[in-house]
Amino acid sequence: MSAPSRIAVLASGRGSNLQAILAAIAAGQLDAEVVGVLSDKPEAPALHSVPAARRWARAPRDFADRDAFDAALGDALAGFAPDWIVCAGYMRILGAAFVARFEGRLVNIHPSLLPLYKGLHTHARALAAGDAEHGASVHFVVPELDAGTVLAQARVPVLPGDTPETLARRVLTVEHPLLIASLQWLVAGRVAEQDGQLLVDAHPLFSPLRLDCAGQLQH
Ligand code: GRF
């Protein structure tokens, strides 16, 4: 049996996706360990989910520029020797050199049905557009914001009377199983990305995997 996959998590905030990863590992549902949690916000609650030796956090303002911060983040990340790096509520754009350094191992969870609503305020934008459905995507990270190959998506209905807050809460309930299922497939080597193409069980797939109501990914 191979060793559990080493997962590092980049987080800027509360860390509910990180908690979901830790819970799945503890429940024996994900063959992995969280080897490091890294943040651009030294006060981020997410950091407290792991022992101090597995944390790294620095404020970008303490660095000369974006490249210097990214280099320090990258060195710290490399020090944890991760197999996979998950951006889970990491609210800072990663520079091209950083992305290239960890290419193919870097995934992000984004609260929209990409390619819709890259960037911020996704829930308000889905409501303003009158969308009937909204959701979340797990995608490989490329230098362009939220533009990498989408691995898997989960959908929720938009309901009458929704506010950005109620919609965000509904999306969050599917983000957690979506992220866990995506990581299960990644650590099992079932899913990969090559030249912008999603490969599932070594075959090209032309639309993302979809989370079903049992929390499983389907073609
Ligand atoms: C999630 O909605 C994630 O999709 C977005 O930021 C939020 C982070 O939540 N990028 P948490 O910190 O994991 O609770």
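Values reported hereafter were calculated over all heavy atoms of this structure, with side chains retained and with hydrogens, waters and symmetry mates removed. Start at 1 with the first residue, then count along the sequence. Start at 1 and go down the list; that is how both ligands and their atoms are numbered. Since this is a predicted model, take the numbers as computed values, not measurements.
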Check this for me: does any side-chain nitrogen of one of R6 and D83 sit under 4.0 Å from a carboxylate oxygen of the other? no
Among all the protein's non-hydrogen atoms, which is closest to atom 12 (O) of ligand 1, and how far away is it? G15 N, 2.8 Å
So, does S12 use its side chain to make a donor-acceptor pair with the main chain of M91 at under 3.5 Å? yes
Would you say the side-chain atoms of H176 and S16 include a donor-acceptor pair closer than 3.5 Å? yes
May I ask you to check if ligand 1 and R14 share an N or O to N or O distance below 3.5 Å? yes
for atom 11 (P) of ligand 1, nearest protein heavy atom and its distance come out as S16 N, 3.3 Å
Would you say L18 and ligand 1 have an N/O pair spaced under 3.5 Å apart? no
Checking D75 side chain against A72 main chain: does a donor-acceptor pair fall under 3.5 Å? no
Near P111 (heavy-atom distance under 4.0 Å), the atoms of ligand 1 are 4 (O), 5 (C), 10 (N)
Has R58 got a side-chain atom pairing as donor or acceptor with F69's backbone, closer than 3.5 angstrom? no
Any donor-acceptor pair under 3.5 Å from R210 side chain to R155 backbone: no
shortest atom 6 (O) of ligand 1-to-protein heavy-atom contact is with G89 CA, 3.5 Å
Any heavy-atom pair between the side chains of H203 and H219 that's under 4.5 Å? no
Quick one: nearest non-hydrogen protein atom to atom 10 (N) of ligand 1, plus distance? I109 O, 3.4 Å
Yes or no: does A136 have any heavy atom under 4.0 Å from an atom of ligand 1? no
Considering only protein heavy atoms, which is closest to atom 3 (C) of ligand 1, and at what distance to one decimal place? E175 OE1, 3.3 Å
